[in-house]
Amino acid sequence: MDIHITKTLPETIARRAITPASPNYDEARALYNGMIDKKPAAIVPCRNADEIAEVVAFARESNVLLAIRGGGHNGPGLGSCDGGIVIDCSPMTGIDIDVDARTVSVEPGLSQGEVDRATAPYGLHVPAGIVSSTGIAGLTLGGGHGYLAREYGLTIDNLLEAEMVLADGRRVTANERENEDLFWAIRGGGGNFGVVTKFTYRLREVSDVLAGPVFYDTEHTARIMRWYREVLPSMPRKLSMTLGLKRCPSAEGFPEELWNRPVCALICCYDGPEEEARGVVEPLLAELPEPLMNGLMEMPFVDWQGAFDPLLPKGLQWYWKGDYIHELSDGAIEEHLKFGTDTPSNLSLMHLYPIDGAPQERAADATAWGTRDATWSMVIAGIDPDPANAAKVMHWAKDYWTALHRHNRHGGAYVNFMMEDEGEERIRAAYGTNYDGLVAVKRKYDPDNLFRVNQNIRP
Ligand SMILES: Cc1cc2nc3c(=O)[nH]c(=O)nc-3n(C[C@H](O)[C@H](O)[C@H](O)COP(=O)(O)OP(=O)(O)OC[C@H]3O[C@@H](n4cnc5c(N)ncnc54)[C@H](O)[C@@H]3O)c2cc1C
């Protein structure tokens with residue numbers, strides 16, 4: 001590890017840097033995914049764009065590896081690096097809500113839950129992901145999908161503007177009128193183009209929701225998957241329904257007799273009053289066998305957003321594999337039955353997140369995230385608290401994915417569901433026909449690839 005770089009850090013950076021000699025080094029370098037153990041030479045908490053620009057300049061001039069950390073949630077730990085410098089955005093937690101204009105500006109150290117909790121009192125939300133502790137920055141830059149995607153699009157479809165520090169030190173604004181090419185690229189292209197110091201989003205009105213998981217015996221899995229692929233496209237967009245193959249969590253709030261039992265899950269969220277929601281959801285579910293558990297209840301959207309947080313604390317072992325899915329073929333369902341109905345641990349899962357509806361209304365080249373004809377973003381996540389089980393959950397995820405992948409016509413996945421060992425071809429496939437455009441923007445804004453700790457677009 002190149003620890004000596006800390007000795008040459010300019011004094012203004014060195015005095016706030018956390019290095020291997022600092023008592024809080026291990027705490028500061030720990031990432032959400034306990035499987036990743038990166039040891040940067042210096043972690044530099046930054047409070048504003050000036051402090052970020054200073055670190056960017058030092059890394060550029062000293063040719064030091066540079067990582068940018070938002071929420072530190074990334075699967076392969078791309079918010080950190082070995083031996084280099086980490087720009088740690090966590091002190092940047094400013095938020096500015098304009099209720100009349102229905103916009104919110106947020107700094108990159110916030111989690112999506114912190115954004116949700118700040119906007120919820122106004123009945124307004126940024127469409128984002130489904131676990132509160134995820135960083136709003138990395139989630140947005142990869143695309144961002146969650147319960148509101150079918151109704152309001154991806155997080156990037158609600159992004160109005162970003163303020164950034166570029167590789168050459170310039171501070172710029174990117175939106176539909178200024179630096180439009182940069183604005184296009186950051187909507188899906190990750191942290192390849194600069195450090196975002198502020199995001200401005202359009203806010204959406206979201207009332208209470210009817211939400212919760214409905215669990216079925218796995219003997220019904222094939223029937224439920226065939227039903228799901230048929231009915232999803234015609235479901236109202238206010239309804240998000242994720243299909244999951246997993247086990248009932250062994251946790252408070254779930255019937256003890258179901259703990260650890262493999263289940264086929266429909267995870268629902270209807271944005272609307274309870275009576276209207278039940279009028280839509282109940283007739284749909286009536287087409288299916290009797291569930292083992294029906295956890296649907298009315299609640300504020302912000303509560304549902306945080307509902308899975310207690311199950312997924314920081315430090316678990318995670319191995320992710322993803323794919324975009326257009327059709328759920330009978331052949332694919334066969335593979336799901338083989339791998340998904342006997343997951344290797346209580347938390348391991350396969351989720352099919354619906355991205356039909358609003359995301360499909362935009363052209364494939366409207367943003368760098370271009371797979372706008374897919375129906376689902378799939379994730380297979382091997383998860384376990386015990387490092388001794390890391391290899392087991394990783395092999396399960398890889399084998400499951402390998403068996404399924406040949407049934408998918410798209411070669412790529414959502415970049416936020418990819419690990420670091422997937423190779424350049426997978427990154428190209430993730431962006432499809434937008435890849436060449438991303439390379440052109442990279443050459444313009446970061447020709448020396450200073451920002452390369454990410455799913456890298458090579459200039
Ligand atoms: C439990 C869990 C649930 C998830 N659920 C969802 C979901 O529902 N929907 C969804 O879309 N995704 C989801 N994800 C994936 C998530 O979007 C990614 O893990 C994302 O990378 C997390 O962002 P972060 O800021 O926390 O990550 P970090 O690890 O801090 O950074 C991730 C990447 O973004 C870059 N980056 C971070 N901040 C900046 C910045 N300010 N400027 C430029 N680049 C930056 C980093 O360099 C790095 O390459 C989930 C992840 C987890 C662990």
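Note that ligands are numbered from 1 as they come in the structure, with each ligand's atoms numbered from 1 the same way. Not measured: the values here are computed from a predicted model. What you see below is based on every heavy atom in this structure, not just the backbone, and it leaves out hydrogens, waters and symmetry mates.
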Show every salt bridge (charged side-chain N to carboxylate O under 4.0 Å, His left out) that has at least one partner inside residues 301-316, sequence neighbours left out.
none
Return the closest protein heavy atom for [atom] as residue, atom name and distance.
atom: atom 48 (C) of ligand 1; value: Leu78 O, 3.2 Å
atom: atom 37 (C) of ligand 1; value: Gly70 N, 3.5 Å
atom: atom 32 (C) of ligand 1; value: Asn74 CB, 3.5 Å
atom: atom 45 (C) of ligand 1; value: Leu141 CD1, 3.6 Å
atom: atom 47 (O) of ligand 1; value: Ile68 O, 2.9 Å
atom: atom 16 (C) of ligand 1; value: Thr134 CG2, 3.7 Å
atom: atom 23 (O) of ligand 1; value: Gly138 CA, 3.2 Å
atom: atom 51 (C) of ligand 1; value: Trp320 CH2, 3.4 Å

Is there a nitrogen or oxygen of [X] sitting under 3.5 Å from a nitrogen or oxygen of ligand 1?
X: Val131; answer: no
X: His145; answer: yes
X: Gly135; answer: yes
X: Gly72; answer: yes
X: Asn416; answer: yes
X: Val196; answer: yes
X: Gly191; answer: no
X: Ala137; answer: no

SB check [X] [Y] (cutoff 4.0 Å):
X: Asp356; Y: Arg150; answer: yes
X: Asp88; Y: Arg47; answer: no
X: Glu54; Y: Arg16; answer: yes
X: Glu327; Y: Arg229; answer: no
X: Lys39; Y: Asp37; answer: yes

Given Phe193 and Trp184, is the ring pair (Phe, Tyr, Trp, His ring centres under 6.0 Å) satisfied, shown in steps?
CA-CA 11 Å; Phe193 307 95; Trp184 175 84; 8.4 Å; no
With a cut-off of 4.0 Å, which atoms of ligand 1 are near a heavy atom of [X]?
X: Gly194; result: 42 (N), 43 (C)
X: Ile130; result: 7 (C), 8 (O)
X: Gly129; result: 7 (C), 8 (O), 9 (N)
X: Arg69; result: 30 (O)
X: Asn454; result: 49 (O)

Students often mix this up, so state it plainly: with edges at 30° and 60°, are the rings of [X] and [Y] parallel, tilted or perpendicular?
X: Phe417; Y: Tyr414; result: perpendicular
X: His73; Y: Tyr32; result: parallel
X: Phe301; Y: His125; result: perpendicular

[X], portion touching ligand 1 at heavy-atom distance under 4.0 Å:
X: Phe193; answer: neither
X: Val453; answer: backbone
X: Tyr32; answer: side chain

Does a donor on one side chain and an acceptor on the other come within less than 3.5 Å for Asn454 and Asn456?
yes
Thr367 and Arg372: side-chain donor and acceptor closer than 3.5 Å?
yes
A cation-pi test, strictly: NZ or CZ of Lys398 under 6.0 Å from the centre of the six-membered ring of Phe339 and no more than 45 degrees from its axis. Yes or no?
no
Tell me, please, whether Tyr431 has Arg428 positioned over its six-membered ring: NZ or CZ under 6.0 Å from the ring centre and within 45 degrees of its axis?
no
Have a look at Lys314, His73, Met164 and point out the one with the heavy atom closest to atom 27 (O) of ligand 1.
His73
Worked verdict on Thr375 versus Tyr324 for side chain to side chain donor-acceptor pair (under 3.5 Å):
CA-CA 8 Å; Thr375 309; Tyr324 289 124; over 6 Å; no
Does [X] have a non-hydrogen atom less than 4.0 Å from ligand 1?
X: Tyr414; result: yes
X: Gly144; result: yes
X: Phe199; result: no
X: Gly142; result: no
X: Trp318; result: yes
X: Ala128; result: no

Can you confirm whether Asn63 is buried at CG, in the sense that more than 12 heavy atoms of other residues, nucleotides or ligands lie under 6.0 Å from that atom?
no
Who are the side-chain contact (heavy atoms from CB on, under 4.5 Å) partners of His395, not counting sequence neighbours?
Ala391
Please test Asn192 against Leu438 for side chain to side chain contact (heavy atoms under 4.5 Å, CB included), starting from the C-alpha separation and ending with a verdict.
CA-CA 9 Å; Asn192 269 285; Leu438 282 165; over 6 Å; no
